[in-house]
Every structure is written in C-alpha cells, then in structure tokens.
Amino acid sequence: MDTPQGPQTGRILVVEDDPTVAEVVVGYLDRAGYVVDHASDGHAALQYAARHWPELVVLDLMLPGMDGLDVCRTLRTRGPVPVVMLTARGDEDDRILGLEIGADDYVTKPFSPRELVLRVESVLRRSHSAATGEDSPLLRLRGITVDKAARRATKDGAELALTLREFDLLEYLLRHPGQAFGREHLMREVWGWEFGDLSTVTVHVRRLRGKIEDDPAQPRLITTVWGIGYRFDADAASIEG
C-alpha cells in the first residue's frame, strides 16, 4: 500500500449501524481513494474480514448484537489490523476500554468526516512505515529487543504481543533511553497528533507496562517522572545496525 499522500489505495472496513453516518463515512473514504466495505453489525463485519482482510477497520462501539468491543477482540485473535473507533462523546469508559483491548485511535461523535479521514491516514501511514522497517536498527535494552523491520519485540527472548501503537511507543522510548517525555510530546511523535485526549497515552503506557514489567504496579522499565511524563530507564543502551 502506498503511503497516504495524494490519492489513496487500500481496503477499509467500516462497521456502523446508523445508515446516515455510514453513508457519510463511506463516501469520504471512497473519495479519498480507498476501497471501502460496509457492515452494519458485528457478525457481518467478521464475515467481511474473513473474505477480504482489511488494512484498517473503522468501528462503531455501539452495534446491535455483538458490540464493537467484541468485534475488536475477535479481530485481534485473527491477526493484526489497525482499528479506529467511533464513540459517543460521553462514553469515556468504553473509549478507554477500546484502547485497552487494542484500538489504535478513536473519533468521538459528532465528528468531522475530514478529521476521520486524517486519522485514518495517520494510522495507515505509521502502519506502512512500521511494515517497511524504514530507519529501523535493532534496539536492545534491559532484556527488551525491538526489531522494527520484522515488527517484532521480545523480552528475555519471549515474544511480546503488542498492538501497533504499543509497539510504536516502546520503540520510541527505547530509541531515547533515559529521556523523559510528556504526554503531549508522545502523542505528537508516536501518534502523529497535534491535539487529542491525553488519556490515550496514559492507557497505552499502562498496557505496555503490563506486558514488559515484572511488576506493573511498581514499574522499573517505563517509569513516571512526576510533573513531566514517562521515561525508559536504562543503565546502558545499545543500538545495533
């Protein structure tokens, strides 16, 4: 897939039961150059995905029958795919839960269709960059190894099951050991957002700690720097080309 600049290519699955919202979202993505499939419920979405695995899913949380969270969980068991959630503005708990089970981004209703397209482009751009392994030396630090070209991370030799954003966040922190970064900085550099809900960063840090720390309640790798943000602590780091 080409990096999202100019006319786009790639298959996107839109899962939305509101016909008006679906028509707008599908229309904008179609005009941006994507091949778009539309499913109005979770079961249909999984059937579409089984026939044509999408490069990205735009997923409404509130769906009849199987809700968006269950759809996201099921997709994650089948393979890696970026997910952009659509949520109601007041559904903060669902939004955080969606991020915790692996969604890469979210847009709250009502939303600007153009903003949604930009979010989709941002997620796909980073996914494409990760898949091609651009500028990706091997990183090793305190038992953690990150191979961006292979899109693989391990701890003490055991593979880590990371989402797209968790991988990007870990790779960024390992590339800058000992440096403290605020949530705004991480949102800009890892997510590519100039604005957004900073709880997105907090949730991903918590999830990442749960996967790499011996005791996530007392993190020794990704530590909190009070008043600033987060830092990957290291006595020594090696970057191998």
Checklist line | Members sharing W226's hydrophobic cluster (side chains within less than 4.5 Å) | finding: none

Item checked: Identified side-chain contact (heavy atoms from CB on, under 4.5 Å) counterpart of L141 within the set L174, L173, L221 -> L174

Margin query: Test your reading of the model: is there a side-chain donor-acceptor pair from T163 to the backbone of E166, 3.5 Å cut-off?
Written below: yes

Item checked: Gap between atom NE2 of H204 and atom CG of D104 - 0.5 Å precision -> 6.5 Å

Margin query: Nearest 0.5 Å, please: how far is CG in D18 from OG in S40?
Written below: 11.0 Å

Next item on the list: Check ring pair (Phe, Tyr, Trp, His ring centres under 6.0 Å) between H176 and all other residues, then give those that pass, not counting sequence neighbours.
Entry: Y172, F181

Next item on the list: Would you please test R220 and D215 for salt bridge (charged side-chain N to carboxylate O under 4.0 Å, His left out) and show each step?
Entry: CA-CA 8 Å; R220 299 174 61 86; D215 181 2; over 6 Å; no

Next item on the list: Could you go through the side-chain contact (heavy atoms from CB on, under 4.5 Å) check for V225 and Y230 one step at a time?
Entry: CA-CA 5 Å; V225 182; Y230 304 103; over 6 Å; no

Next item on the list: Report yes or no: do T154 and R140 form a side-chain donor-acceptor pair below 3.5 Å?
Entry: no

Check: With distance as the sole criterion, is a donor-acceptor pair present between the side chains of D233 and T223 under 3.5 Å?
Finding: yes

For the pair [X] and [Y], find out whether any cationic side-chain nitrogen is under 4.0 Å from an anionic carboxylate oxygen.
X	Y	answer
E184	R188	no
E213	K155	no
R119	D105	yes

